[in-house]
Amino acid sequence: MTTTTPWWRDAVVYEVYPRSFSDASGDGEGDLEGLRRRLPYLSGLGVDALWLTPFYTSPLADGGYDVADYRDVDPRFGTLADFDALVADAHRLGLRIIIDIVPNHTSSAHPWFSEAVRTGEGRERYHFRDGETAPNDWRSNFGGPAWSRTPDGQWYLHLYTPDQPDLNWHHPEVREEFESVLRFWLDRDVDGFRIDVAAGLFKHPDLPDLGALGTHAPGSPMYGRPEVHEIYRNWRSILDSYPGERMAVGEVWTESPEDLALYVRPDELHQAFQFHLLLAPWSARAFRETVQTCLDSPSGRAPTWVLSNHDVIRHRSRYGAEERSRSALMFILALPGSAYLYQGEELGLPEVFDLPDEARQDPIFFQGKGIGRDGCRVPLPWSGTQQPYGFTTGKPWLPQPSDWGRLTVEAQERDPSSMLSFYRRALALRRTLRGTLPPTLEWQEWPHPEVLAFRRGDLVCAVNFGEEPVEFQGDVLLASGPVAEGRIAGGGAVWLRS
Ligand code: GLC
């Protein structure tokens with residue numbers, strides 16, 4: 001079967017958190033040149049595209065999701081020339097590049113905001129209000145009020161840190177600016193955008209109290225406003241005006257699958273993340289219901305499966321056992337749609353829970369809403385037996401655990417039973433199967449209730465969510481671990497041809 005499917009529909013996209021990927025400059029923070037040098041590793045891994053989280057000029061109050069200049073690279077990550085070299089090399093190796101775009105808010109160091117605070121000029125590009133008390137009851141997603149005051153006493157809105165003022169999308173200059181930013185990067189040959197806080201941007205014009213409503217609930221005055229769809233229709237026409245299949249994937253947190261579907265109407269975004277599996281517990285029933293709900297919803301046209309990203313606890317730690325992580329990967333890679341992987345999951349990296357407080361950098365930690373996300377952002381171990389494990393010649397910006405020597409790329413490359421070797425096998429096999437599988441799945445009945453199995457064409461994927469081994473029949477294409485006597489181990493999975 002030949003396929004005219006657009007590349008992103010069944011792509012495996014690898015999320016790169018540049019600050020923690022690989023450091024070429026020796027300053028202890030990853031950079032674009034470090035990433036460029038490691039591109040052969042990524043192409044050898046067998047992914048189709050890279051999604052780079054923000055590398056723009058930024059004070060890094062929120063890991064770069066606080067952008068001060070949307071058209072430049074922060075010096076700690078390199079230069080625009082480094083970016084161009086990265087894109088060119090990636091394309092030569094057949095890897096597409098998706099970059100993050102952060103339209104809901106700027107950094108407080110952005111010239112628009114700093115000038116607004118200093119001179120009062122241009123405050124209408126943000127949400128400034130007068131008053132003795134905060135204009136409404138909204139809370140920041142990271143803890144604390146969503147309003148802070150400028151030195152002259154005005155309030156401004158920030159749904160994240162006070163260093164991330166929310167833009168006023170009713171202002172025409174805001175729209176024009178982002179259209180121009182999209183073109184700037186499309187002209188530099190990026191293949192797509194991941195849109196940060198894609199359900200944000202517009203707020204209810206009266207800024208009413210949220211009251212008892214959930215932040216992301218239907219009808220929320222903070223997220224999911226209908227006006228946002230006109231913006232995405234417009235962005236879609238910009239993407240479509242470029243050669244090649246440029247795409248956009250939205251980070252849309254919403255309580256309602258119907259609302260999610262609105263973002264992927266044919267003239268809007270190509271994909272919206274479905275975070276549901278990431279939130280599902282390790283159980284056959286939960287996985288099946290989650291997948292079925294995603295596929296049944298209108299957004300199921302372009303499914304996106306995610307187990308980990310830079311905002312959540314790594315799934316190696318969430319699921320507790322390495323075998324389960326392997327099985328979860330086999331499960332999502334066999335599903336129709338695309339899979340988004342997060343750097344380091346191919347090494348089986350666990351979440352680092354015990355970072356010292358003084359090393360932590362995530363604003364969530366400082367704003368009092370929990371331990372934060374630094375534990376999934378610890379720099380990758382490449383080689384050697386001790387910190388910095390080949391990540392840098394300097395001191396890594398977050399300390400790496402002392403027992404990561406066995407998890408380095410170098411150590412795992414030598415070991416055919418390692419997680420890395422397993423990821424390579426799974427991704428290679430998926431590539432050979434791509435285009436031969438129907439875009440739908442059929443659930444298979446198994447004698448054991450803790451096994452979840454589905455068929456796509458000749459391929460059957462079966463995951464044993466129980467603790468005890470269960471029997472199976474069929475030719476094994478791939479297994480999460482050693483297959484003894486025709487049995488899938490507890491927590492294990494097989495891909496069968498039958
Ligand atoms: C998104 C990003 C997250 C960031 C937040 C604010 O949720 O994934 O890392 O903190 O937006 O920009």
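The figures that follow rest on heavy atoms only: side chains count, while hydrogens, waters and symmetry mates do not. Each ligand, and each atom within it, is numbered from 1 in the order the structure gives.
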**Contacts of D163 that satisfy side-chain hydrogen bond (donor to acceptor under 3.5 Å, both in side chains) - sequence neighbours left out** = none
**Asked** In chain order, what residues pass the side-chain hydrogen bond (donor to acceptor under 3.5 Å, both in side chains) check against D31, with sequence neighbours excluded?
**Response** S25
**Request:** Salt-bridge test for D189 and R246: reply yes if a basic N is under 4.0 Å from a carboxylate O, no otherwise.
**Result:** yes
N or O contacts of ligand 1 with protein under 3.5 Å, please list pair by pair.
residue	atom	partner	partner atom	Å
ligand 1	7 (O)	E251	OE1	3.3
ligand 1	7 (O)	E251	OE2	2.7
ligand 1	8 (O)	R194	NH2	3.0
ligand 1	8 (O)	H310	NE2	2.9
ligand 1	8 (O)	D311	OD2	2.5
ligand 1	9 (O)	H310	NE2	2.9
ligand 1	9 (O)	D311	OD1	2.7
ligand 1	9 (O)	R373	NH1	3.3
ligand 1	10 (O)	D62	OD1	3.2
ligand 1	10 (O)	D62	OD2	2.6
ligand 1	10 (O)	R373	NH1	3.0
ligand 1	11 (O)	D196	OD1	2.8
ligand 1	11 (O)	D196	OD2	3.2
ligand 1	12 (O)	H105	NE2	3.0
ligand 1	12 (O)	D196	OD2	2.8

**Asked** Are the aromatic rings of H310 and Y65 close, with centres under 6.0 Å apart?
**Response** yes
**Item:** Sequence neighbours excluded, every pair satisfying salt bridge (Lys or Arg N to Asp or Glu O under 4.0 Å) that has a member inside residues 201-221
**Value:** D166-K203
**Asked** Sub-3.5 Å donor-acceptor pair from the side chain of W397 to the main-chain atoms of R19, do we have one?
**Response** yes
